[in-house]
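For reference, the structure is listed below as structure tokens.
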Number of protein chains: 2
Amino acid sequence: MKNRREKIQEILRNKEIRLTRQREAILEVIYEAERPVTATYIYSSLQETNPSLKLSTVYRNMHLFVGKGILRKLSLGIENNESYFELIRDEHHHHLICIHCNSVLPLDCPLGEFEEKIKEETAYTLIDHSVKIFGICPHCQKYSKA
Amino acid sequence: MKNRREKIQEILRNKEIRLTRQREAILEVIYEAERPVTATYIYSSLQETNPSLKLSTVYRNMHLFVGKGILRKLSLGIENNESYFELIRDEHHHHLICIHCNSVLPLDCPLGEFEEKIKEETAYTLIDHSVKIFGICPHCQKYSKA
DNA sequence: AGGCTACTTGCAAATCATTTGCATCTTTAG
DNA sequence: CTAAAGATGCAAATGATTTGCAAGTAGCCT
């Protein structure tokens, strides 16, 4: 039974990415979050334990991880223009976004037949798709009653 | 039978927006484009005819028009981080995006029952959603065979 | 037609997210 | 243990978008 740190190191080695303190720390934060996070979130989360970590290093590694297929970059279209990053786990899914607190939850994919239909109708080669649903989470519903 | 300029002026008046040379020109570009456009696209399109128009004015009016329900802002997640804006015409729809030429086609909405299900399962208040399908259009399929 | 007032614009500087150049440090293969 | 390749810190650059402020203009009221 491997602990998280070992699992992260294995992922990096499998992808032929050098192990650095920073990279391990970044991936730990992402694993722990269990939801898409921003570069700034990662940076802030690590300020206490890794005060020398720079935001540019976070961004550089986001790029690297996306390129290596470890992460996926999302453009959620939330008020700010920050990009979110999430682990590419096995299964295809989508996102439910709270427009108050910007938190993000995973959703199953409701397309499928729809894609077939589009493919026939338009003759496009379909490559990928994304579904985003915006709402207000139960927690924010309470606090925005004021 | 109204011409385009008159139609635009009517829209602005209906929304209680002051008529300015800049606003009319901006909306003309958007109407003519018949697809989502960026602020920079609008700005460039107007440099010849309205050389004094500033990009900040375009952005300010994009904001205004979105707020008044004339336009909708899209985050398409295309390589650059530019925002796209489209006219809010009649009905709710979605987008099929060609990843080669960045052209955008409208799609019918495939959600509906799915939203009901999500609402029950998560207790979120659902506000809006977006579906984007990425692919390669028939035209680009030919030219990318090379 | 002229004038007032509030709203707009141009302009320049600020801001925000993200990227990049460069010198210094660290990882890893031998 | 050591050198070379690659990574990081730092600071400055970039690109998109926003903002403060003074000057300009639309729309209303004589």
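First the proteins, then the strands, lettered A, B, ... as listed; each starts at 1. Bear in mind that the values here come from a model prediction, so they are computed numbers and not experimental data. Basis for what follows: all heavy atoms, side chains included, without hydrogens, waters or symmetry-related copies.
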Open item on the list: Looking at S44(A), is its backbone amide N or carbonyl O close enough to the side chain of Q47(A) to form a donor-acceptor pair, meaning the two atoms are under 3.5 Å apart?
Closed with: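 Checked: no pair found.
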
Open item on the list: Check whether N61(B) reaches the backbone of L64(B) with its side chain - one donor and one acceptor, N or O, closer than 3.5 Å.
Closed with: no

Task: Electrostatic pair E28(A):R4(A) at N-O distance under 4.0 angstrom - done: no

Of the candidate nucleotides [options], which contains the atom at the shortest distance from the side chain of [X]?
X      : options                  : answer
Y59(A) : dT18(C), dA7(D), dG10(C) : dT18(C)
Q22(B) : dT19(C), dT9(C), dT8(D)  : dT9(C)
R23(B) : dT9(C), dT18(C), dA12(C) : dT9(C)
T57(B) : dG10(C), dT8(D), dA17(C) : dG10(C)

Send over the distance from [X] [atom1] to [N] [atom2], rounded to a whole Å.
X      : N       : atom1 : atom2 : result
N61(A) : dT19(C) : CG    : C1'   : 14 Å
L53(B) : dC11(C) : CG    : P     : 10 Å
K15(A) : dG6(D)  : NZ    : P     : 19 Å
L55(A) : dC10(D) : CG    : C1'   : 12 Å
E16(B) : dC7(C)  : CD    : P     : 12 Å
K68(A) : dG6(D)  : NZ    : C1'   : 12 Å
M62(A) : dT18(C) : CE    : P     : 11 Å
Y43(B) : dC11(C) : OH    : C1'   : 11 Å

Open item on the list: How close do C98(A) and C137(A) get, counting heavy atoms only, and between which atoms?
Closed with: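 That would be SG-N, 3.4 Å.
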
Open item on the list: Using a 3.5 Å limit for the pairing distances, which stems of at least 3 consecutive Watson-Crick or G-U wobble pairs does DNA chain D take part in?
Closed with: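 Stem list for DNA chain D: C:1-30 with D:1-30.
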
TODO: Decide yes or no on side chain to side chain donor-acceptor pair (under 3.5 Å) for T57(B) and Q22(B), but give the supporting numbers first.
DONE: CA-CA 8 Å; T57(B) 299; Q22(B) 299 74 336; over 6 Å; no

TODO: Flag yes if more than 12 heavy atoms outside D108(B) fall under 6.0 Å of its CG atom; otherwise flag no.
DONE: no

Open item on the list: On DNA chain D, does the nearest nucleotide to N50(A) precede the nearest nucleotide to K54(B) from the 5' side, or the other way round? Give the residue.
Closed with: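 Nearest nucleotide further toward 5': that of N50(A).
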
Task: Between CZ on residue R21(B) and CG on residue L19(B), distance to nearest 0.5 Å - done: 12.0 Å

TODO: Test side-chain contact (heavy atoms from CB on, under 4.5 Å) on L12(A) and F65(A) and set out the steps.
DONE: CA-CA 9 Å; L12(A) 292 175; F65(A) 296 155; 3.9 Å; yes

- [ ] Give one of base, sugar-phosphate or nothing for S83(B), where a contact means two heavy atoms less than 4.0 Å apart.
- [x] sugar-phosphate

TODO: Going by the side chain to side chain contact (heavy atoms under 4.5 Å, CB included) test, name the single residue among N50(B), I26(B), L55(B) that passes it with Y43(B).
DONE: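 Only match with Y43(B) under side chain to side chain contact (heavy atoms under 4.5 Å, CB included): L55(B).
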
- [ ] Produce a footprint string for nucleotides 22-30 of chain C: one letter per nucleotide, 5' end first; B if the base is under 4.0 Å from any protein heavy atom, S if only the sugar-phosphate is, - if neither.
- [x] -----BS--

